[in-house]
Amino acid sequence: MKIIEVKDIKDNLGKKIKLRGWVRNYRKGSSKLRFIVFRDGTGSVQAIAFKPEMGEKNFEKVKKLTLESSLEIIGIPSEHPKKTGVYEIQLSDINIINIADEYPIGKKEHGADFLLSNRHLWMRAPSQNAALKIRHTVYFAICDYLNQNGFYRFDSPIITPNASEGTTTLFEVPYFDLGSGYLSQSGQLYLEAGIMSLGKVYDFGPVFRAEKSKTRKHLTEFWMMDAEAAFVEHEENMKIQEELIRYVIRTVLEKNRQELDLLERNIENLEKADAPFKIWTHKQAIDYLRSKGVEIDYNDDFGAPEEEMLTSELAVPLFIEKWPKEIKSFYMKRDPEDPKLVLGADLIAPEGFGEIIGGSQREDDHDILLERIKTEGYNVESYQWFLDLRKYGSVPHSGFGIGLERLVQWMSGIRHIREVIPFPRMLNRIYP
Ligand code: 4AD
Ligand code: MG
């Protein structure tokens, strides 16, 4: 007998097959009838246990089943009599692998804290399964785009001697006789070395921010894709980001229609975002907010409410470029047209979502960079290698970093970032 997966049922109609998985749901029809919603990771299907068909002995096994028990089912699949594209399985036998204890996650509403404490089980729920499948698509779509466009994968280190994104959010780790190391906030600085060898590079891995923010968009450990390219300047940097994000949108729409529907994502809105992006300067954005009555200064950063206002009426993502240098990182290149500004751009997703990418052209002048490092009060010695890159064949270059979870969160329309990573790490949560 052939062992198949739920996704392949449509190709095996009328044949006796075996599937392996779990009981998602269990319902009594009558004394002779049981309905099992069976799932195996690739999908779920209703299996029907009818005593006259199965025989007394096999039917008795079915009666032992509980929610989330693991089992093999044996039977013949057919198309649902009324619903096209929906299948069901007439059971002839089952093999129980493990009878599950009373499952703690039931049909009643559970609080977020309870679900997070049971994350190892909660991830089996259809919504969580769908979110993790979309994450898989987004991850590989990003890699595919970069691989097809001449970027080399370049793995930057996780334990680092210095900060890339400010010293206030560093996780410190004891490092033998050398004192302290820090968990990486972004691989960017290392990629800037990589481009001088390989031209275009990217990394993709976990990064860490000891951020004391309890918002629905912050994790302390999240996944970042940093890309960096030699000879690419500010405008082209934004073009690459736009192409990449539009490619990811199309890929998700093509591969995850079912998951998006299950999550009740507005598909039309996602389709509309696959169009030329908008660009505003930071100043234009401030002007807009002020015209809406927001009290905000020309040197201010945006908080979540401002980002929401900026994009709530937009259909496409928006770049906000040319920021006051005081509110951006030390490595961003000054704007030749206005030395008070830097050639950085954040990409803000529409529908009021907010930032998904941070990027910039990098400062390639040794002395200006040194000045910036000193102004920030950083230890010059630990940035010596980074300054070296401006001494030995410096070139104009740019890059950007995508927060994987933010991108997945926006694309899947999930409200809280904790649901788009298998095991979220947050200010007040490290278990399980
Ligand atoms: O804007 P950020 O801080 O930029 C950098 O780290 C640059 N070095 C990237 C680069 O140019 N290579 O972070 C990049 C993105 C943000 O736009 C956001 O999507 C995400 O990382 N991000 C977070 N995601 C979840 N939780 C947090 N605490 C995040 N902080 C940033
Ligand atoms: Mg940022």
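The shown structure was predicted, so the numbers you read here are calculated from the model rather than taken from an experiment. Residue numbers count from 1 along this sequence. Note that ligands are numbered from 1 as they come in the structure, with each ligand's atoms numbered from 1 the same way.
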Would you mind listing each N/O atom of ligand 1 next to any protein N/O under 3.5 Å, plus the distance?
unit_1, atom_1, unit_2, atom_2, d
ligand 1, 1 (O), E355, OE2, 3.1
ligand 1, 3 (O), R209, NH1, 2.9
ligand 1, 3 (O), R209, NH2, 3.2
ligand 1, 6 (O), E165, OE2, 3.4
ligand 1, 6 (O), R209, NH2, 2.8
ligand 1, 8 (N), E165, OE2, 2.6
ligand 1, 8 (N), S186, OG, 2.9
ligand 1, 8 (N), Q188, OE1, 2.7
ligand 1, 8 (N), Y331, OH, 3.3
ligand 1, 11 (O), Q188, OE1, 3.3
ligand 1, 11 (O), G358, O, 3.4
ligand 1, 11 (O), R362, NH1, 3.4
ligand 1, 11 (O), R362, NH2, 2.9
ligand 1, 12 (N), D226, OD1, 2.7
ligand 1, 12 (N), F400, O, 3.3
ligand 1, 17 (O), E355, OE2, 2.6
ligand 1, 17 (O), I356, O, 3.4
ligand 1, 17 (O), I357, N, 3.4
ligand 1, 17 (O), G358, N, 3.3
ligand 1, 19 (O), I356, O, 2.9
ligand 1, 19 (O), G403, N, 3.4
ligand 1, 26 (N), L219, N, 3.0
ligand 1, 28 (N), E211, OE1, 2.8
ligand 1, 28 (N), L219, O, 3.0

Under 2.8 Å from the Mg ion (ligand 2), can any N, O or S atom of E355 be found?
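So E355 counts as coordinating the Mg ion (ligand 2), yes.
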State whether K283 and D287 are salt-bridged, where the test is any N-O pair (Lys NZ or Arg NE/NH1/NH2 against Asp/Glu carboxylate O) under 4.0 Å.
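Salt bridge between K283 and D287, a charged N being under 4.0 Å from a carboxylate O: yes.
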Are side-chain N/O atoms of D226 and Q188 paired as donor and acceptor at under 3.5 Å?
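D226 vs Q188: no donor-acceptor pair found between side chains.
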Start with the C-alpha distance between E243 and Y145, add both sets of side-chain angles, then the distance that settles side-chain hydrogen bond (donor to acceptor under 3.5 Å, both in side chains), and finish with yes or no.
CA-CA 9 Å; E243 260 193 38; Y145 176 87; 2.7 Å; yes
Are R153 and D155 packed together at the side-chain level, in the sense that at least one heavy-atom pair is separated by less than 4.5 angstrom?
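Of all side-chain heavy-atom pairs linking D155 with R153, at least one is under 4.5 Å.
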Taking everything shown except Y175 itself, do over 12 heavy atoms lie less than 6.0 Å from its OH?
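No.
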Centroid-to-centroid, W22 to F38, below 6.0 Å?
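They do not qualify: ring centres at least 6.0 Å apart.
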